[in-house]
Amino acid sequence: MSLRGSRRRQAGAVYGAAIVLGLTFPGPPRLSAQDAATFTLTGQIVDAVNETPVIAAVIKVPDLRRFVFTDVTGRFAFTDFPEGTWDIVVEQLGYHTLDGSVTVAEGNGLFLRLNPDPIELEGLRVRTRSEQLLERRRRRVPYRVVRIPTETIANAINPDPTAIFRFNAAAPITGCSGEADEWMTPGCVVVKGKPKTISIFLDEGPLLGGMVEFAALSNLEIHSMEWIPNLAMLRVYTRGFIERLDNTRISLVPLVW
């Protein structure tokens with residue numbers, strides 16, 4: 001599997017015996033977590049520019065539904081980790097997301113470099129309560145989370161919320177039934193070669209009307225979106241809900257997978 005890079009995902013460097021990140025090579029098929037031998041997988045995340053440790057970065061292994069955080073030295077460890085080839089996602093605020101695959105076995109370690117993604121600040125600004133709560137929950141989801149921020153929604157050429165989602169999700173969105181009239185509001189995504197219905201949540205509650213009901217919303221009402229490809233889940237937050245998060249003591253519902 002090739003290491004993917006974009007404005008959000010830039011290639012990092014990976015070192016270690018028998019570890020290849022971002023290259024396709026022949027080898028045995030991926031083993032299941034139940035069949036593979038397990039060991040403690042250790043590694044370190046550093047800044048690609050100055051080689052300093054990246055503290056509190058989250059390393060996610062979607063297929064195993066596991067994640068860990070780096071310590072003050074940038075190091076991390078997964079206990080009972082199965083040998084084989086696994087997709088990983090490494091995230092930290094202020095850095096491009098690293099997204100690729102690694103082949104690991106006992107005796108190997110990971111050394112990953114994250115490329116900085118400078119955040120432009122208009123003066124000093126304290127993060128709001130809603131920003132902190134949403135970021136905390138995103139980091140604790142063991143899958144890659146694609147965030148569609150307020151600015152992207154406000155500046156979209158096509159104001160249709162479903163069009164904004166499809167353009168920014170970078171996912172194989174398709175119709176669920178194959179009907180011709182589904183092309184305007186396709187409601188499924190291809191996961192592991194099969195169509196899966198997209199579950200949509202509006203302000204923590206399920207949107208039972210799916211993409212059709214979502215399309216009826218005004219983009220002016222929407223604050224932001226979060227797309228979790230592995231779960232085929234779209235979380236949509238209105239401006240009113242974000243305001244309540246900021247000004248009251250309500251909390252977010254923990255995600256279950």
Asker: Compare every heavy atom of R166 with every heavy atom of T185, then report the nearest pair and how far apart it is.
Answerer: CA-NH1, 4.4 Å
Asker: Would you say I200 ends up clustered with V212 if hydrophobic residues are merged whenever their side chains have heavy atoms under 4.5 Å apart, either directly or through other cluster members?
Answerer: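 No; I200 is not reachable from V212 via cluster members.
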Asker: If two hydrophobic side chains count as joined below 4.5 Å and joins carry through other members, does V68 share a cluster with V102?
Answerer: yes
Asker: K60 side chain to Y143 main-chain N or O, any donor-acceptor pair under 3.5 Å?
Answerer: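 Checking the backbone N and O of Y143 against the side chain of K60, a donor-acceptor pair under 3.5 Å is found.
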Asker: Side chains of S199 and L234, heavy atoms from C-beta outward: is any pair under 4.5 Å?
Answerer: no
Asker: Just to verify, which of V90, L110, V58 counts as forming a side-chain contact (heavy atoms from CB on, under 4.5 Å) with F76?
Answerer: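 For F76, the side-chain contact (heavy atoms from CB on, under 4.5 Å) test succeeds with only one of V90, L110, V58, which is L110.
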Asker: Do the non-hydrogen side-chain atoms of L93 and R139 ever get within less than 4.5 Å of each other?
Answerer: no
Asker: Working note: T52 + D47, criterion side-chain hydrogen bond (donor to acceptor under 3.5 Å, both in side chains); need CA distance, chi angles, decisive distance, verdict.
Answerer: CA-CA 5 Å; T52 58; D47 186 296; 4.6 Å; no
Asker: Look at the side chain of R66 and the backbone N and O of V61, then say whether any donor-acceptor pair between them is shorter than 3.5 Å.
Answerer: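 Not at all, since once roles are kept as given, no pair shorter than 3.5 Å links the two residues.
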Asker: Looking at T128 and D246, would you say the former's side chain and the latter's main chain have a donor-acceptor pair under 3.5 Å?
Answerer: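 The answer is no, because no donor-acceptor pair under 3.5 Å joins these two groups.
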Asker: Do I198 and W227 touch side chain to side chain, with heavy atoms closer than 4.5 Å?
Answerer: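 A side-chain contact exists here, since the closest heavy-atom pair is under 4.5 Å.
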Asker: Any chance you could measure D71, atom CG, to Q44, atom CD, to the nearest 0.5 Å?
Answerer: 8.5 Å
Asker: What heavy-atom pair brings A215 and P161 nearest, and what distance separates the two atoms?
Answerer: O-CD, 4.0 Å
Asker: For V46, is there any backbone N or O sitting under 3.5 Å from a side-chain donor or acceptor partner on E51?
Answerer: no
Asker: Measure from the side-chain N and O atoms of Q92 to the backbone N and O of I55, and report whether any donor-acceptor pair falls under 3.5 Å.
Answerer: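 Between the backbone of I55 and the side chain of Q92 there is a qualifying donor-acceptor contact (under 3.5 Å).
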Asker: Mind checking whether Y237 and F241 have parallel, tilted or perpendicular rings, split at 30° and 60°?
Answerer: parallel
Asker: Spell out, yes or no, whether I173 and I164 are grouped together once hydrophobic residues are joined by side-chain heavy atoms under 4.5 Å, including indirect joins.
Answerer: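 Looking at the clustering, I164 is in the same group as I173.
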Asker: How far apart are the closest heavy atoms of T162 and M211, and which atoms are they?
Answerer: CG2-O, 3.7 Å
Asker: Please report the interatomic distance CD1(I228) to CG(N230), rounded to the nearest 0.5 Å.
Answerer: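 Going from CD1 on I228 over to CG on N230, the span is 9.0 Å.
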Asker: Could you report the tightest heavy-atom contact between R138 and V145, atom names first, then the distance?
Answerer: CD-CG1, 3.8 Å
Asker: Could you go step by step and tell me if L64 and F78 meet the side chain to side chain contact (heavy atoms under 4.5 Å, CB included) rule?
Answerer: CA-CA 11 Å; L64 299 179; F78 283 100; over 6 Å; no
Asker: Is any side-chain heavy atom of L207 less than 4.5 Å from a side-chain heavy atom of V236?
Answerer: no
Asker: What are the two closest heavy atoms between G74 and T70, and how far apart are they?
Answerer: O-CG2, 3.4 Å
Asker: Checking T197 side chain against C188 main chain: does a donor-acceptor pair fall under 3.5 Å?
Answerer: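 A pair under 3.5 Å: no.
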Asker: Hey, what do you get for CG (D80) to CZ (F39), rounding to the nearest 0.5 Å?
Answerer: 10.5 Å
Asker: Is there a side chain to side chain contact (heavy atoms under 4.5 Å, CB included) between E226 and V141 once you walk through the steps?
Answerer: CA-CA 12 Å; E226 293 175 345; V141 174; over 6 Å; no
Asker: Do R144 and P229 make a side-chain contact, defined as non-hydrogen atoms from C-beta onward lying under 4.5 Å apart?
Answerer: yes
Asker: If two hydrophobic side chains count as joined below 4.5 Å and joins carry through other members, does I242 share a cluster with L252?
Answerer: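 Yes, I242 connects to L252 through the hydrophobic network.
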Asker: Where do R235 and L255 come nearest, in terms of heavy atoms and distance?
Answerer: NH1-CD2, 3.3 Å
Asker: Inspect the contact between E204 and R137 and indicate whether a charged nitrogen and a carboxylate oxygen are less than 4.0 angstrom apart.
Answerer: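 Salt bridge flag = yes for E204 with R137.
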Asker: Would you compute the distance between atom CG of L217 and atom CG of D160 and round it to the nearest 0.5 angstrom?
Answerer: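 Reported value, rounded in 0.5 Å steps: 10.0 Å.
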Asker: Taking W86's backbone N and O only, do any of them form a donor-acceptor pair with D63's side chain (distance below 3.5 Å, no angle check)?
Answerer: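 Answer holds: no.
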Asker: Identify all side-chain donor-acceptor contacts of residues 218-225 below 3.5 Å with residues at least two apart in sequence or on another chain.
Answerer:
| unit_1 | atom_1 | unit_2 | atom_2 | d |
| --- | --- | --- | --- | --- |
| S218 | OG | L220 | N | 3.1 |
| H223 | NE2 | T150 | OG1 | 3.4 |

Asker: Counting only heavy atoms not in F167 (residues, nucleotides, ligands), do more than 12 fall under 6.0 Å from its CZ?
Answerer: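 No.
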Asker: Are L202 and L245 connected, step by step, through hydrophobic side chains (Ile, Leu, Val, Met, Phe, Trp, Tyr) whose heavy atoms are closer than 4.5 Å?
Answerer: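 No, no single cluster joins them.
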Asker: So how far is it from E106 CD to T40 OG1, rounded to the nearest 0.5 Å?
Answerer: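 Interatomic distance, E106 CD to T40 OG1, rounded to 0.5 Å: 8.5 Å.
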Asker: Find the distance between CD (E243) and OG1 (T248) and round it off to the nearest 0.5 Å.
Answerer: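 One gets 10.0 Å once the value is rounded to the nearest 0.5 Å.
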